[in-house]
Amino acid sequence: MRLLVTGGAGFIGSHIVDAALARGWSVRVMDSLDPGLHPRPPLFDPQVEFVIGDVTDAATVDSALQGIDTVCHQSAKVGLGVSFADAPDYIRNNDYATAVLLAAMERRSITRLVLASSMVVYGEGAYTDSETGLPARPGPRAEADLRAGIYDPRNPETGDVLVPAMVTEEAPLDPRNVYAASKVSQEHLAAAWARSTGSAAVALRYHNVYGPRMPRDTPYAGVASLFRSALARGEAPRVFEDGAQRRSFIHVRDVAAANIAAVNSLSSGGIGGFRAYNVGADEVRTIGDVAAALSRFSAGPAPIVTGEYRLGDVRHITASSERIKAELGWAPAVGFSDGMQEFAAAPLRGEPG
């Protein structure tokens, strides 16, 4: 197997590289090594071939694809960002870059792609009506409710507070910010490429990924990184709303294993066309659970639940990963407690150690 990992110097990409090397695969990494994202030079096994370049540069992409069998496309601008002014960067780094990559793959007759997608494509997660038990789709939460401490979304027809459920891949796509819109567009581009060229693409919809090499806290970082960075400064993690927001926190090594399973299925012809999979933990945990676990394992100050909120944040989104288990034979191996204990002591990206 000759694998190209775009964004392979990043958080998730570097773990995919490790997992691929452990299987004896030939690995090439393409990464821009943006100093804002990589304050310290990444260290790779000498077996890894490294191409420094931006995925929006067609000539560099074409060169990086030479001799490659399968592409794991991890390069992206992630997170919610600062404001809508970030929109051009998201479109350039996510959508335009993916279009450049797919066009180059067609020229090189490379027909297998694993795409890093995200739970954000769903917007809010799945819910049922508290009275009928039937599925219900919430609209955006009302600011009056948030100010009053009513954080769970309501049924837009009855006004009743909804009950969270596990989201499946059949849920409608409902992007609620620029990053989410860019990930939906990436999936649509991959599906169009697969249909047009007779190729096969897998979109892995990562849920809340955490673990060693996670970036430090920035406006683009995940909540686990924000809590971990606060504790490293000796500060208490600050938890928005009431801390009861449900998520599927998945360890980065499990995410890397999902990519390996997808590559194996593509190489064996087990997938044709386009197929999306949730990649999430079996255990449903809250954001408050994560803050408390990291505080405990760091011997740091207890979390502070602030009641603050951000308009546009989703309340609950937890993954049903039954499809990927059944079709690709993947299952998470790192439990919540073990993973958080490791993460509490692991250096973040750019830190020594």
Side-chain angles (χ1 to χ4, degrees), residues 1-78 92-94 96-117 186 190 193 197 199-204 206 209 211-215 252-268 347 349-350:
M1 174 65 65
R2 295 166 297 179
L3 184 69
L4 174 67
V5 184
T6 69
F11 169 43
I12 296 173
S14 65
H15 285 275
I16 295 170
V17 169
D18 290 347
L21 289 175
R23 283 155 181 79
W25 295 355
S26 173
V27 180
R28 183 179 297 153
V29 165
M30 181 177 179
D31 201 295
S32 66
L33 295 184
D34 182 334
L37 301 174
H38 301 280
R40 295 164 62 89
L43 299 176
F44 275 112
D45 188 294
Q47 298 175 79
V48 175
E49 183 183 352
F50 206 102
V51 176
I52 299 176
D54 193 305
V55 185
T56 61
D57 181 354
T60 305
V61 170
D62 187 70
S63 176
L65 288 171
Q66 185 173 3
I68 292 297
D69 298 316
T70 305
V71 176
C72 262
H73 183 33
Q74 307 296 310
S75 173
K77 184 179 179 72
V78 301
R92 177 184 179 276
N93 287 291
N94 297 356
Y96 179 65
T98 299
V100 170
L101 173 66
L102 293 173
M105 289 176 68
E106 181 181 25
R107 289 194 298 273
R108 288 283 186 181
S109 300
I110 299 169
T111 60
R112 301 195 291 261
L113 172 75
V114 181
L115 171 69
S117 189
Q186 281 186 294
W193 165 81
T197 64
S199 300
V202 168
L204 298 178
Y206 304 154
V209 187
R213 306 175 204 159
M214 197 172 188
V252 67
R253 286 196 297 275
D254 284 331
V255 172
N259 277 268
I260 298 300
V263 171
N264 281 331
S265 184
L266 288 169
S267 63
S268 67
R349 188 191 305 165

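Start at 1 with the first residue, then count along the sequence. Note that the structure is a prediction, hence the values are computed from the model and not measured.
The side chain to side chain donor-acceptor pair (under 3.5 Å) test applied to Gln47 returns Asp45, not counting sequence neighbours. The side chain to side chain donor-acceptor pair (under 3.5 Å) test applied to Asn264 returns no partner, not counting sequence neighbours. Residues meeting the ring pair (Phe, Tyr, Trp, His ring centres under 6.0 Å) test with Phe44, sequence neighbours left out: Phe50. For Ser117, the side chain to side chain contact (heavy atoms under 4.5 Å, CB included) partners are Val121, Lys183, Glu187, Ala203, Arg205, not counting sequence neighbours. The side chain to side chain donor-acceptor pair (under 3.5 Å) search around Glu49 returns Arg28, not counting sequence neighbours. Applying the side chain to side chain contact (heavy atoms under 4.5 Å, CB included) test to Ser63 and every residue at least two apart in sequence or in another chain returns nothing. Shown here are the salt bridge (charged side-chain N to carboxylate O under 4.0 Å, His left out) partners of Asp54, two or more places apart in sequence or in another chain: Arg92. Judged as a salt bridge (charged side-chain N to carboxylate O under 4.0 Å, His left out), and not counting sequence neighbours, Asp57 has no contacts. For Ala256, the side chain to side chain contact (heavy atoms under 4.5 Å, CB included) test picks out His15, Ile16, Ala19, with sequence neighbours left out. Residues satisfying the side chain to side chain donor-acceptor pair (under 3.5 Å) test with Ser267, not counting sequence neighbours, are none. Arg108 pairs by the side chain to side chain contact (heavy atoms under 4.5 Å, CB included) definition with Asp62, Leu65, Gln66, Ile110, not counting sequence neighbours.
When all heavy atoms are compared, the tightest approach of Gly8 to Asp31 is N-OD2, 3.5 Å. When all heavy atoms of Ala9 and Leu33 are compared, the pair lying nearest together is CB-CD2, 3.8 Å. Contact record, Pro212 with Phe11: O-CE1, 3.2 Å, taken as the closest heavy-atom pair. Residues Val27 and Ala20 share a closest heavy-atom pair of CG2-CB, 3.7 Å. Heavy-atom minimum distance, Ala201 versus Leu266: N-CD2, 4.4 Å. What you find for Ala190 and Leu113 is that their closest heavy atoms are CB-CD2, 4.0 Å.
Between the CD1 atom of Ile52 and the OG atom of Ser32 there is a distance of 9.5 Å, given to the nearest 0.5 Å. Taking CG of Asn259 as the start and OH of Tyr206 as the end, the distance is 3.5 Å to the nearest 0.5 Å. To the nearest 0.5 Å, atom CD1 of residue Ile12 and atom CG of residue Leu204 are 10.0 Å apart. Expressed to the nearest 0.5 Å, how far CG of Leu3 lies from CD1 of Ile68 amounts to 7.0 Å. Atom CG of Leu101 and atom OG1 of Thr56 lie 11.5 Å apart (nearest 0.5 Å). Atom NE2 of His73 and atom OG1 of Thr98 lie 3.0 Å apart (nearest 0.5 Å).
For the residue pair Gln74 / Thr6, no side-chain donor-acceptor distance below 3.5 Å is found, with atom types taken as modelled.
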Kindly indicate, with the supporting measurements, whether the criterion side chain to side chain contact (heavy atoms under 4.5 Å, CB included) is fulfilled by Leu115 and Val202.
CA-CA 6 Å; Leu115 171 69; Val202 168; over 6 Å; no
Test side chain to side chain contact (heavy atoms under 4.5 Å, CB included) applied to Arg112 and Val263, step by step
CA-CA 8 Å; Arg112 301 195 291 261; Val263 171; over 6 Å; no
Derivation of the side chain to side chain contact (heavy atoms under 4.5 Å, CB included) call for Val114 and Val71
CA-CA 6 Å; Val114 181; Val71 176; over 6 Å; no
Assess whether side chain to side chain donor-acceptor pair (under 3.5 Å) is satisfied between Thr197 and Glu106, documenting all intermediate values.
CA-CA 7 Å; Thr197 64; Glu106 181 181 25; over 6 Å; no
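Between Arg2 and Trp25, the closest side-chain pair of non-hydrogen atoms is not below 4.5 Å. Side-chain contact between Val252 and Met214: absent, with no pair of heavy atoms (C-beta onward) separated by less than 4.5 Å.
Judged as a salt bridge (Lys or Arg N to Asp or Glu O under 4.0 Å), the pairs with a partner in residues 13-24 (not counting sequence neighbours) are, in order, Asp18-Arg213.
The closest donor-acceptor contact from the side chain of Ser265 to the backbone of Ala262 lies at 3.5 Å or more, if one exists at all. The backbone N or O of Lys77 lies less than 3.5 Å from a partner atom in the side chain of Asn94, making a donor-acceptor pair.
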